[in-house]
Amino acid sequence: MKLTQHLRKQAQFLASTVLAVSAFSVSTSAYADSPQGAYHTGEYRNVFVELGLGNEAQVKKKVDKAYQQLFYSKSRGTENGKALFFPVGDDMGFIKDIGSNDVRSEGMSYGMMIALQMNDQPMFDKLWKFSKTFMQHQEGWYEHYFAWHVQAEAPYNQISHNPAPDGELYFAMALLMAENRWGGKEGIFAYADEANTILDAMVNKPETSTAVPMFSREEQQILFVTEKSLGIYTDPSYHVPAFYQLMGEWASVENELWTAAADTSRNYLHISQHPETGLYAEYAAFDGTPQVTSFNKISHQSGYDAFRVIGNIAMDYNWFAADEGQKQLVEKQLRFYNEEYKKHGQNFQVHSMEGVPQVEWSSHGQLAMNATGALVIDNQDAHDYVKRLWKQDLPTGKWRYYDGLLQMFALLHLSGEYQIYAPSN
């Protein structure tokens, strides 16, 4: 009954916001000359310094320490370990989901983006070579897509052949930035060539009786899965408008589509947000309605995937400042979360869309992503989360994978170290 009521309310909300969406919907040409955003100014805020939590040297030390722990610590045990990176010989390695004991395209692509931002090309190349060798399909319909998870022990067999499209999105963006920052090399390290192959495959796979390409040209939206049997819909946390905007400029394929997708995603982040709590569902239809699935009982609720949405909004606003309405999205969500935190001394990982907690435990990654909202709004709710993040230790033990990666992203964003690396000419 609660779900039915919510869907009815959401449908009413979507109908009422059509005019509002068209009002704030902007095209690339409308803000191409805007002086705002790091893309235009080249300036990246250090929010930790702004709030007096540390000086620049102290902030840099904190970011470096976190990176060293996650990527270079030799403490790799399940229950008490610290590291996420596991070497394979001298020239490969993987980011391990400790709790699930597997290797995921999500974590590998996130690891590459983090290594890129930390200017660690040897680590980047190790992660990419493993991904290319053991995860990327080299033939058949899935060619150029990545198996979304493989075994964490040799011979690193694929557990599932189907992809998780956010992995392809991050692989492509990390590779494009690597080309821009370091220059391309040969073979699999011709970064831009590899990125463009992935981007082409994301859109231009032929539809079959069982599968579709992972990006809908018609909807201008990324899909959650390619398998028709699981349904055709999206995931709000896969909507990363800042990446689409840059792909529209840098890619050698489908530039107009990527540019349009940036605007579509900005609008989607409005229509898929709950009108009262500001929460986002794990998965949602193309019109923003929470998506019920047979394989994920919380797919229509706000859970683990949804942690990332506020981080995506923060990155887009920090880089492009294309949509002032994003301030309202972040303000609403942080108001809900901060009220909950003050009442219970923590936030809960899973909520109904109306804000009712569904579990009793909290998350390092959720708190860290909430802190990135300070890149969008300047109020006490945002400041509170930045201060909590500053005090929060990196997660260790069995569940350190997802939380650790999200916390590392947040530290990079809020220190001004998560930056755009554009072509030099």
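No experiment lies behind these values; they were computed from the predicted model shown.
- Side-chain contact annotation: Y191 with D125, donor-acceptor N/O pair under 3.5 Å present.
- Between the side chain of Q407 and the backbone N or O of G365 there is no donor-acceptor pair closer than 3.5 Å.
- Note: F286 and Y233 fail the aromatic proximity criterion, with ring centroids not under 6.0 Å apart.
- L394 CG to S73 OG: the interatomic distance, rounded to the nearest 0.5 Å, is 10.5 Å.
- When all heavy atoms of L199 and A251 are compared, the pair lying nearest together is CD1-CB, 3.7 Å.
- Between E324 and Y317, the side chains place a donor N or O and an acceptor N or O closer than 3.5 Å (distance only, hydrogens not considered).
- Atoms OG1 and CD1, from T264 and I222 in turn, are 13.0 Å apart once rounded to the nearest 0.5 Å.
- Of the possible polar contacts, one joining the E168 side chain to the F146 backbone as a donor-acceptor pair under 3.5 Å is found.
- With no hydrogens or angles considered, a side-chain donor-acceptor pair links H383 and D378 at under 3.5 Å.
- Donor-acceptor pairing under 3.5 Å is lacking for the side chains of Q117 and E417.
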Discussion item. Pair F243, Y170 - check ring pair (Phe, Tyr, Trp, His ring centres under 6.0 Å), show working.
Written reply: CA-CA 8 Å; F243 285 4; Y170 267 82; 4.9 Å; yes
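- If you run side-chain contact (heavy atoms from CB on, under 4.5 Å) between F224 and each of D305, T293, N296, only D305 comes through.
- Counting only N and O atoms by type, the side chains of H351 and E340 include a donor and acceptor under 3.5 Å apart.
- Summarising the geometry, atom CG belonging to D381 is positioned 10.0 Å from atom CG belonging to N370; distances are rounded to the nearest 0.5 Å.
- Ring pair Y244/W258 is parallel by interplanar angle, where below 30° counts as parallel and above 60° as perpendicular.
- In this structure, the side chain of N196 engages the main chain of A192 through a donor-acceptor pair within 3.5 Å.
- A donor-acceptor pair under 3.5 Å is formed between the side chain of Q346 and the backbone N or O of E360.
- For K185, the NZ atom is densely surrounded, since the number of other residues' heavy atoms within 6.0 Å is greater than 12.
- Residue Q328 qualifies as open at atom CD: its count of foreign heavy atoms under 6.0 Å is 12 or below.
- Ring centroid separation for the pair Y156 and F130 comes in under the 6.0 Å cut-off.
- Side chains of S415 and N46: no donor on one and acceptor on the other come within 3.5 Å.
- Note that CD1 of I98 is 14.0 Å distant from NZ of K82, once rounded to the nearest 0.5 Å.
- With values rounded to the nearest 0.5 angstrom, L367 atom CG is found 4.5 Å from Q392 atom CD.
- A distance-only check finds no donor-acceptor pair linking the side chain of Y145 to the backbone of P213 [under 3.5 Å].
- A side-chain contact (heavy atoms from CB on, under 4.5 Å) with F320 is found for one member of Q36, R266, M315 and no other, namely R266.
- Closest approach of M353 and S302 over heavy atoms only: SD-N, 4.0 Å.
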Item to complete: Apply ring pair (Phe, Tyr, Trp, His ring centres under 6.0 Å) to W361 and F348, showing your working.
Response: CA-CA 6 Å; W361 50 87; F348 302 102; 9.4 Å; no
Practice prompt. Would you check, one step at a time, whether the test side-chain hydrogen bond (donor to acceptor under 3.5 Å, both in side chains) holds for H270 with D323?
Written response: CA-CA 10 Å; H270 286 266; D323 176 11; 2.7 Å; yes
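- If you check the side chains of T234 and H239, you find a donor sitting under 3.5 Å from an acceptor.
- At a cut-off of 3.5 Å, with distance as the only test, no side-chain donor of R388 or N347 sits close to an acceptor on the other residue.
- Side chain to side chain, E106 and Y401 meet the donor-acceptor criterion of an N or O pair below 3.5 Å.
- Nearest heavy-atom pair across A164 and W148 is N-CB, 3.6 Å.
- Ring centers of F85 and F94: at least 6.0 Å apart, outside the cut-off.
- Salt-bridge formation is not detected for the pair E276/K332: no Lys NZ or Arg NE/NH1/NH2 atom is positioned less than 4.0 Å from an Asp or Glu carboxylate oxygen.
- Remark: the D102 side chain and the Q151 side chain contain no N/O donor-acceptor pair separated by less than 3.5 Å.
- In this model, no donor atom of one side chain and acceptor atom of the other lie less than 3.5 Å apart for T372 and H413.
- Under a 3.5 Å cut-off, the side chain of R400 and the backbone N or O of G397 do form a donor-acceptor pair.
- Checked against the 6.0 Å centroid criterion, the rings of Y304 and Y402 do not qualify as a close aromatic pair.
- Going from atom NZ of K126 over to atom CE of M112 covers 14.5 Å, rounded to the nearest 0.5 Å.
- Among F71, Y421, W182, the one residue that satisfies the ring-ring contact (aromatic ring centres under 6.0 Å, His included) test with F124 is W182.
- Residue K132 places its NZ atom among more than 12 non-hydrogen atoms of other residues, nucleotides or ligands, all under 6.0 Å distant.
- With no hydrogens or angles considered, a side-chain donor-acceptor pair links Q380 and D384 at under 3.5 Å.
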Practice prompt. Give the C-alpha distance, both sets of side-chain angles, the deciding distance and a yes or no for side-chain hydrogen bond (donor to acceptor under 3.5 Å, both in side chains) between E249 and N255.
Written response: CA-CA 7 Å; E249 296 187 24; N255 301 81; over 6 Å; no
